[in-house]
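Working notes for the structure below.
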Amino acid sequence: MSAKSLKDFPSIKTDSESLEDYKHDMVYEGAPEAIHMARDWQDTSEILEFCDSHQTPVTFCGSQTAMTGSSVADSGLVVALANKNKILDIGKDSQTSEPFVITEPGVILGDLKRKVLEEGYQYPPDPTSYNEAQVGATVATNATGEETFRFGPTRWYVKELEILRANGKAETITRKGPPPSEPVKNSAGYFLGGEPIDDIIGSEGTLALITKLKLKLLPDDSPGRFLLILPFDDFASCLDGVLFITSQNELNPRALELIGPGAGEYFRECESCPGALKKSSLFLYIRDDYKDDVDKMNKLETWFQNLERLYQSLGQTHQMNDLFLAETPQQLSDIRECRHHIPLRVNETYFPYTKLGGGKVGTDWWVPLNHMKSMMLETYEEASRSGLPFLTFAHIGNGHPHWNFLTKTPEEKKIAQALVEKQYHKAVKHGGGVAGEHGIGKIKRHLIGIQHNQETIDQMKALKNKWDPHHILGQGNILKS
Ligand SMILES: Cc1cc2nc3c(=O)[nH]c(=O)nc-3n(C[C@H](O)[C@H](O)[C@H](O)COP(=O)(O)OP(=O)(O)OC[C@H]3O[C@@H](n4cnc5c(N)ncnc54)[C@H](O)[C@@H]3O)c2cc1C
């Protein structure tokens, strides 16, 4: 049978009930006309071929957590991957002995992480949303997380992708050399100048459909974990703490996170917050690992010696008595809860104001570490002058903190948006970028021009033309189609 319309494919549904779940994510409303739950790649391939020849837009959809509108279709067909959720193989390369996992794209990242751990391996990429996000989508957004500090972005772990091109043609793309090491934080458009596999990673469903992934694993040879929560007297010292820790070769934490001005209050108000941490409201949050008890003792000794030197240099030796070591499962889970309490409480409190024209205005910029302190202090000064409530927290070890401005009225929101726009320009001037995670999608497309000049944008357009000449994939994501 040769299909005349999408409805001729039995696996495509167009009734409003089937479409309901795919009309929006948390930030963007779309208008998809049809949905195909992928089950058989041959079927999906024929559907893509049909769409390409009829110039029907196609949007790929994972768990819709990107919060950029990237998985939401303005029109045309949605291809949902949730049913392609099998882990196919965990093994070791016969030549290099490097461990790998082969998986379908719809597997939930957290499930994959737990499964490989059972086999003695770790898959490091850890966006906070790992229990919701699909692994194919984390590659399509080049996801990062707390432990990107030590382990880098998703890009570093992608060895091979099987894809369907826009015209439905299947292809396998294998990485030939080592992955590009820089930039660690970059989800502002296409990666230029890499191997073909780098085109697809972070391309937000605009160049091809990822149908199978071969991902690099690491041995899980240090299964123990501890957290150090370091209090500081003032913001500048806290940032000096980041620079100190990152400059010490013998310190190599898995994560180095900020609980900065405004965020500390939310952290402390959480019921699980240990009493010892209620005195301060500015912290660095460090996660490290160990192989066994001896390794743990050695690592803690190294940490304490270095922290003593840090606090001495800051004239804050009293903080040695107040720093908190979380090492039992209960303590680790309490601190995790306090950390998650920050965005949860902020969203809960300020989401109702979105209906009144206010709400949370957040940032996703990043800067190289040598520009981090000046960028943070300038931003802090401007934020304080604005009179708006604000907080800053998250991936400071990668120069990628989140700033949230909390607004109740349209007027306040406008002030916050102007402030944030200024910050994006400044971050780029400092050698950084406008999007450290989540991608650009539809709602942050205006930021591309802040980071990239016309020549780079033209190169990105050429890349899009090469992979998807009829511009059917992920319409409206990254670049204006
Ligand atoms: C509470 C919360 C915390 C978060 N924390 C982080 C974080 O720490 N770090 C981070 O990086 N992100 C974070 N995110 C953003 C988000 O979870 C990630 O971008 C994640 O990778 C998206 O996964 P998803 O399955 O929801 O994909 P979706 O949102 O459904 O899709 C994202 C993009 O991937 C494309 N896509 C999906 N599947 C495929 C496929 N098989 N082939 C080609 N393209 C495909 C879609 O078209 C879309 O462009 C967070 C989100 C939330 C809600």
Side-chain angles (χ1 to χ4, degrees), residues 21-22 24-28 30 32 38 41 44 48 57-73 77-85 103-112 125-149 153-155 158 161-166 184-187 199-213 255 257 339-340 342-344 346-347 360 362 364 366 393-395 398 400 402 435-444 467-468 473-478:
D21 284 351
Y22 301 95
H24 58 87
D25 63 7
M26 274 151 79
V27 297
Y28 190 82
W41 293 130
T44 308
L48 282 176
V58 181
T59 301
F60 306 130
C61 178
S63 303
Q64 302 205 282
T65 66
M67 298 199 296
T68 58
S70 60
S71 64
V72 183
L77 176 72
V78 172
V79 175
L81 284 313
N83 286 336
K84 299 302 287 179
N85 58 0
T103 181
E104 291 185 329
V107 170
I108 298 298
L109 177 62
D111 292 340
L112 182 130
D126 66 335
T128 315
S129 51
Y130 63 82
N131 278 327
E132 294 91 40
Q134 293 181 8
V135 67
T138 61
V139 169
T141 56
N142 188 27
T144 53
E146 288 192 359
E147 299 199 348
T148 295
F149 179 68
T154 295
R155 183 179 303 279
V158 185
L161 294 176
E162 284 186 18
I163 58 157
L164 289 177
R165 279 181 172 261
V184 171
K185 288 278 175 178
N186 183 22
S187 64
D199 296 354
I200 306 298
I201 302 166
S203 65
E204 300 187 51
T206 61
L207 302 185
L209 171 65
I210 300 166
T211 57
K212 193 159 137 188
L213 307 91
E257 298 269 303
R339 165 68 178 80
H340 280 60
I342 301 169
L344 219 70
V346 166
N347 290 339
K360 181 181 94 178
D364 193 23
W366 60 274
F393 63 106
H395 320 303
N398 285 117
H400 178 219
H402 294 307
E437 57 189 28
H438 296 231
I440 289 290
K442 297 179 178 66
I443 65 163
K444 296 197 274 178
W467 283 97
D468 177 20
L473 301 183
Q475 273 192 4
N477 289 350
I478 303 179

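Counting convention: from 1, in listed order, for ligands and their atoms alike.
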Checklist outcome for this item: For Leu209, the atoms of ligand 1 under 4.0 Å from one of its heavy atoms are 40 (C), 41 (N), 42 (N)

Next on the checklist: To check your reading of the model: name the closest protein heavy atom to atom 22 (C) of ligand 1, its residue, and the distance in Å.
Outcome noted: Thr65 OG1, 3.4 Å

Checklist entry - Would a 4.5 Å heavy-atom cut-off, applied to side chains only, mark Asp21 and Gln64 as touching? => result no

Checklist entry - For atom 28 (P) of ligand 1, what's the nearest protein heavy atom and its distance? => result Gln64 N, 3.5 Å

Item to check | Closest heavy-atom pair and its distance - Pro105, Lys212 | outcome: CD-N, 4.4 Å

Next on the checklist: Quick test: of every protein heavy atom, which one is nearest to atom 21 (O) of ligand 1, and how far off is it to 0.1 Å?
Outcome noted: Thr141 OG1, 2.9 Å

Next on the checklist: Out of all atoms in ligand 1, which are within 4.0 Å of some heavy atom of Glu204? Include the element for each.
Outcome noted: 47 (O), 49 (O)

Checklist entry - Protein heavy-atom contact under 4.0 Å for atom 37 (C) of ligand 1? => result yes

Next on the checklist: Can you check which of Thr144, Leu473, Leu207 brings a heavy atom nearest to atom 11 (O) of ligand 1?
Outcome noted: Thr144

Item to check | Residue-ligand contact Thr59/ligand 1, heavy atom below 4.0 Å | outcome: no

Checklist entry - Is it the side chain (CB and beyond), the backbone, both or neither of Thr138 that lies under 4.0 Å from ligand 1, heavy atoms counted? => result both

Next on the checklist: With heavy-atom distances below 4.0 Å as the criterion, list the atoms of ligand 1 near Ala133.
Outcome noted: 20 (C), 23 (O), 25 (O)

Checklist outcome for this item: of all protein heavy atoms, closest to atom 27 (O) of ligand 1 is Ala137 CB, 3.1 Å

Checklist entry - Identify the closest protein heavy atom to atom 31 (O) of ligand 1: which residue and atom is it, and at what distance? => result Ser71 CB, 3.8 Å

Next on the checklist: I'd like to check whether His395 has a polar contact with ligand 1, where a contact means an N/O of the residue lying under 3.5 Å from an N/O of the ligand.
Outcome noted: no

Checklist entry - Could an N or O of ligand 1 be found under 3.5 Å from any N or O of Ala66, whether backbone or side chain? => result yes

Checklist outcome for this item: ligand 1 to Ala143, heavy atom cutoff 4.0 Å, flagged ligand atoms 11 (O)

Checklist entry - Does Ile108 reach the side chain of Ser63, with side-chain heavy atoms less than 4.5 Å apart? => result yes

Item to check | Stepwise side-chain contact (heavy atoms from CB on, under 4.5 Å) test for Ile210 and Phe60 | outcome: CA-CA 9 Å; Ile210 300 166; Phe60 306 130; over 6 Å; no

Next on the checklist: If only side-chain N and O atoms count, and only distance matters, is there a donor-acceptor pair under 3.5 Å linking His395 with Glu146?
Outcome noted: no

Item to check | Val58 vs Leu48 side-chain heavy atoms within contact, under 4.5 Å | outcome: yes

Checklist entry - For atom 41 (N) of ligand 1, what is the nearest protein heavy atom, given as residue, atom name and distance? => result Ile210 O, 3.1 Å

Checklist entry - Counting each atom of ligand 1 from 1 as listed, which ones have a heavy atom of Ala140 under 4.0 Å away? => result 34 (O), 35 (C), 36 (N), 44 (N), 45 (C)

Checklist entry - Are any of the N/O atoms in Phe60 less than 3.5 Å from those in ligand 1? => result yes

Checklist entry - Which atoms form the tightest heavy-atom contact between Val72 and His24, and what is the distance? => result CG2-C, 3.8 Å

Checklist entry - Does ligand 1 have any atom sitting under 4.0 Å from a heavy atom of Ala208? => result yes

Next on the checklist: Quick check: Glu132 and ligand 1, any N/O pair under 3.5 Å apart?
Outcome noted: no

Checklist outcome for this item: Ranked by distance from atom 1 (C) of ligand 1, the top protein heavy atom is Ser129 CB, 4.8 Å

Checklist entry - Side chains of Pro127 and Leu109: closer than 4.5 Å at any heavy-atom pair? => result yes

Next on the checklist: Can you name the atoms of ligand 1, numbered from 1 with element, that are less than 4.0 Å from a heavy atom of Ser70?
Outcome noted: 32 (C), 33 (C), 47 (O), 48 (C), 49 (O)

Checklist entry - Is there a side-chain contact between Trp366 and Val184, using heavy atoms and a 4.5 Å cut-off? => result no

Checklist entry - Is Gly62 close to ligand 1, meaning an N/O of one under 3.5 Å from an N/O of the other? => result yes

Checklist entry - What do we get for Asp25 next to ligand 1 when only non-hydrogen atoms under 4.0 Å count, side chain, backbone, both or neither? => result neither

Next on the checklist: If we count only N and O atoms by modelled type, under 3.5 Å, do the side chains of Lys84 and Thr211 hold a donor and an acceptor together?
Outcome noted: no

Next on the checklist: Can you give me the closest heavy-atom contact between His438 and Thr141, atom names plus distance?
Outcome noted: O-CG2, 4.2 Å

Checklist entry - Going by heavy atoms in the side chains, are Val107 and Gln134 under 4.5 Å from each other? => result no

Checklist entry - Tell me, do Glu257 and Phe149 make a side-chain contact under 4.5 Å, heavy atoms counted? => result no

Checklist entry - Which atoms of ligand 1 sit under 4.0 Å from any heavy atom of Pro105? => result 41 (N)

Checklist entry - In the protein, what heavy atom is nearest to atom 13 (C) of ligand 1, and what distance, to one decimal place, separates them? => result His438 NE2, 3.3 Å

Item to check | Heavy-atom side-chain proximity of Asn142 to Ser187 below 4.5 angstrom | outcome: no

Checklist outcome for this item: Under 4.0 Å from one or more heavy atoms of Asn477, ligand 1 contributes atoms 49 (O)

Item to check | Sub-3.5 Å N/O-N/O distance, Thr128 and ligand 1 | outcome: yes

Next on the checklist: Taking Leu213's backbone N and O only, do any of them form a donor-acceptor pair with Thr103's side chain (distance below 3.5 Å, no angle check)?
Outcome noted: no

Item to check | Distance-only polar pair, side chains of Thr68 and Ser70, donor-acceptor under 3.5 Å | outcome: yes

